[in-house]
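For reference, the structure is listed below as structure tokens.
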Amino acid sequence: MRVSSYRKIAVLMIFFGLLINFVPVTSYYLGSYVHITYKGPIRNGSTLEYLFFMGSFHDNTTNRTFNIGVIANITYLGENKYRLDYEGYKLTGQKGGAYPKLLPKFPFRASGKITKVYEGHKVVNASSKLIRFLMPQKPLPGCLANTTFHTFPNKFYGYPKVFGCPAPSIQGMYTFYKNRPVAINLDPLNASSVIKPIVPGSYTGPVSVVSVFLGWGNTVPPQDWRGWVRYGLGLYFPLNVGFVIIGILMLIVASRRA
């Protein structure tokens, strides 16, 4: 093999070893980020879609238990007003749950039957417990806002810095938008009063499980772009490093043959 060809292959291997680290961030940027309407703060017209999975409930007619899944779109209307558009589904069977990664397809699964049982539309203000819970003006008590970390990349909200809430009454994570924290994954206890705006009274009794997921929307939080690159480095290690090292060694060999 000619020295020039040897060098070209070496350069290509180094280039590939470096380029592969940017695949995750490029995929998210071109696939989702550039197409999302708002970026950074929650503003007039911002909509976030949440999934709620709650259970278990008892059906006295059939003497069986079931869960409730809710899809709730929350739109900021300005002047501390929010529009809630929501649908509730009855999920029967022993197995089931909410799967945000399925969006925009239907995000609930159940081993039994799935039945739409209600829907609603209303406007609430910022004092609503649901809004104060999902989009508080400042971190809630029991949340460690000064300690940030990353969760796995999400095809909607990407790879922002997040902070955890380890308090017994609220466990999960929030991320920072420019003007407020926003919940991305929560498992609150004693949430009956919180979910009341999107759940009929017949389903707001004591529940053993409440899980909340940010699924979709038109407004994404600020991205940790450096974190994206570090994620790519870790995701493709040691393949990326291997290609770079092999390319460098090939260049050294080629220089000695010249």
Side-chain angles (χ1 to χ4, degrees), residues 36-38 42-62 64-136 154-157 172 182-188 190-220:
I36 293 173
T37 307
Y38 303 122
I42 301 294
R43 61 185 70 189
N44 292 8
S46 288
T47 295
L48 296 179
E49 182 171 288
Y50 279 94
L51 307 181
F52 294 76
F53 179 78
M54 299 168 289
S56 57
F57 302 93
H58 185 76
D59 190 329
N60 293 324
T61 303
T62 62
R64 294 181 179 179
T65 59
F66 63 93
N67 299 306
I68 291 291
V70 180
I71 302 173
N73 285 280
I74 303 174
T75 302
Y76 183 52
L77 303 176
E79 299 181 351
N80 291 322
K81 299 288 186 181
Y82 299 81
R83 186 179 74 245
L84 306 182
D85 301 294
Y86 52 94
E87 298 177 345
Y89 296 86
K90 183 177 181 180
L91 315 174
T92 61
Q94 296 296 319
K95 297 180 181 180
Y99 300 91
K101 291 183 178 180
L102 293 176
L103 290 168
K105 296 181 180 180
F106 189 72
F108 298 115
R109 293 290 182 266
S111 58
K113 187 177 181 181
I114 299 179
T115 308
K116 183 177 178 180
V117 288
Y118 67 86
E119 66 176 77
H121 313 274
K122 65 177 65 174
V123 174
V124 299
N125 57 37
S127 64
S128 164
K129 286 187 177 181
L130 179 67
I131 301 302
R132 287 190 285 122
F133 181 69
L134 296 177
M135 305 177 195
N154 179 277
K155 65 180 180 181
F156 164 60
Y157 57 76
V182 171
I184 60 173
N185 187 348
L186 297 174
D187 294 297
N190 303 319
S192 297
S193 61
V194 171
I195 62 177
K196 193 174 292 185
I198 57 171
V199 180
S202 56
Y203 300 120
T204 55
V207 293
S208 57
V209 176
V210 176
S211 295
V212 184
F213 306 94
L214 175 58
W216 208 256
N218 67 4
T219 309
V220 291

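What's counted below: heavy atoms across the whole structure, side chains too, no hydrogens, waters or symmetry copies.
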Check: Between atom CG of Asn73 and atom CG of Leu48, what is the distance when rounded to the nearest 0.5 Å?
Finding: 9.0 Å
Margin query: Please give me the minimum heavy-atom distance between Asn218 and Gly45, naming the atom from each residue.
Written below: ND2-O, 3.0 Å
Next item on the list: Evaluate the side-chain proximity of Phe53 to Val210: yes if any heavy-atom separation is below 4.5 Å, no if none is.
Entry: no
Margin query: Going by side chain to side chain contact (heavy atoms under 4.5 Å, CB included), name the residues that satisfy it together with Ser128, two or more places apart in sequence or in a different chain.
Written below: Val124, Leu130, Ile131, Pro197
Notebook entry, point to check: Can you name the residues that form a side chain to side chain contact (heavy atoms under 4.5 Å, CB included) with Arg43, not counting sequence neighbours?
Noted result: Tyr38, Pro41, Ser46
Note to self: Within the structure provided, determine whether Ile68 and Phe57 are in side-chain contact (heavy-atom separation under 4.5 Å).
What the structure shows: yes
Item checked: Sub-4.5 Å side-chain heavy-atom contact between Lys116 and Glu87 -> yes
Item checked: Contacts of Arg83 that satisfy salt bridge (charged side-chain N to carboxylate O under 4.0 Å, His left out) - sequence neighbours left out -> Asp85
Check: Looking only at heavy atoms, what is the nearest atom pair of Asp187 and Ser211, with distance?
Finding: OD1-OG, 2.8 Å
Checklist line | Heavy-atom side-chain contact between Ile71 and Pro107 under 4.5 Å | finding: yes
Check: Out of curiosity, Thr75 OG1 to Ile42 CD1, how far, rounded to the nearest 0.5 Å?
Finding: 10.5 Å
Note to self: Can you confirm whether Tyr118 sits close enough to Val70 that some side-chain heavy atom of one is under 4.5 Å from a side-chain heavy atom of the other?
What the structure shows: yes
Margin query: If you define the side chain from C-beta out and look only at heavy atoms, does anything of Arg109 sit under 4.5 Å from Leu102?
Written below: yes
Next item on the list: Kindly give the heavy-atom pair with the smallest separation between Ala183 and Tyr50, and that separation in Å.
Entry: O-OH, 2.7 Å
Next item on the list: Check whether more than 12 heavy atoms from other residues, nucleotides or ligands sit under 6.0 Å from atom CZ of Arg132, and answer yes or no.
Entry: yes
Checklist line | Close side-chain approach of Val212 and Asn185, heavy atoms under 4.5 Å | finding: no
Notebook entry, point to check: Can you name the side chain to side chain contact (heavy atoms under 4.5 Å, CB included) partners of Thr65, sequence neighbours left out?
Noted result: Ser56, His58
Next item on the list: Name all residues meeting the side chain to side chain contact (heavy atoms under 4.5 Å, CB included) criterion together with Ala110; count only those two or more places apart in sequence or in a different chain, and write none if there are none.
Entry: Leu91, Ile114
Margin query: I want to check something: taking the side chain as every heavy atom from C-beta on, are Thr219 and Ile36 in contact at a cut-off of under 4.5 Å?
Written below: no
Check: With sequence neighbours excluded, what pairs up with Ser127 under the side chain to side chain donor-acceptor pair (under 3.5 Å) test?
Finding: Asn125
Check: Which residue pairs satisfy the ring pair (Phe, Tyr, Trp, His ring centres under 6.0 Å) criterion with at least one member in residues 67-99, sequence neighbours excluded?
Finding: Tyr76-Tyr82, Tyr89-Phe106
Notebook entry, point to check: Got a sec, which residues hit ring pair (Phe, Tyr, Trp, His ring centres under 6.0 Å) with Phe156, two or more places apart in sequence or on another chain?
Noted result: Trp216
Notebook entry, point to check: Within the distance-only criterion (no hydrogens, no angle test), does the side chain of Thr92 pair as donor or acceptor with the backbone N or O of Lys113 below 3.5 angstrom?
Noted result: yes
Item checked: Listed once per pair and sorted, the salt bridge (charged side-chain N to carboxylate O under 4.0 Å, His left out) pairs that draw on residues 90-104, sequence neighbours left out -> Asp59-Lys90
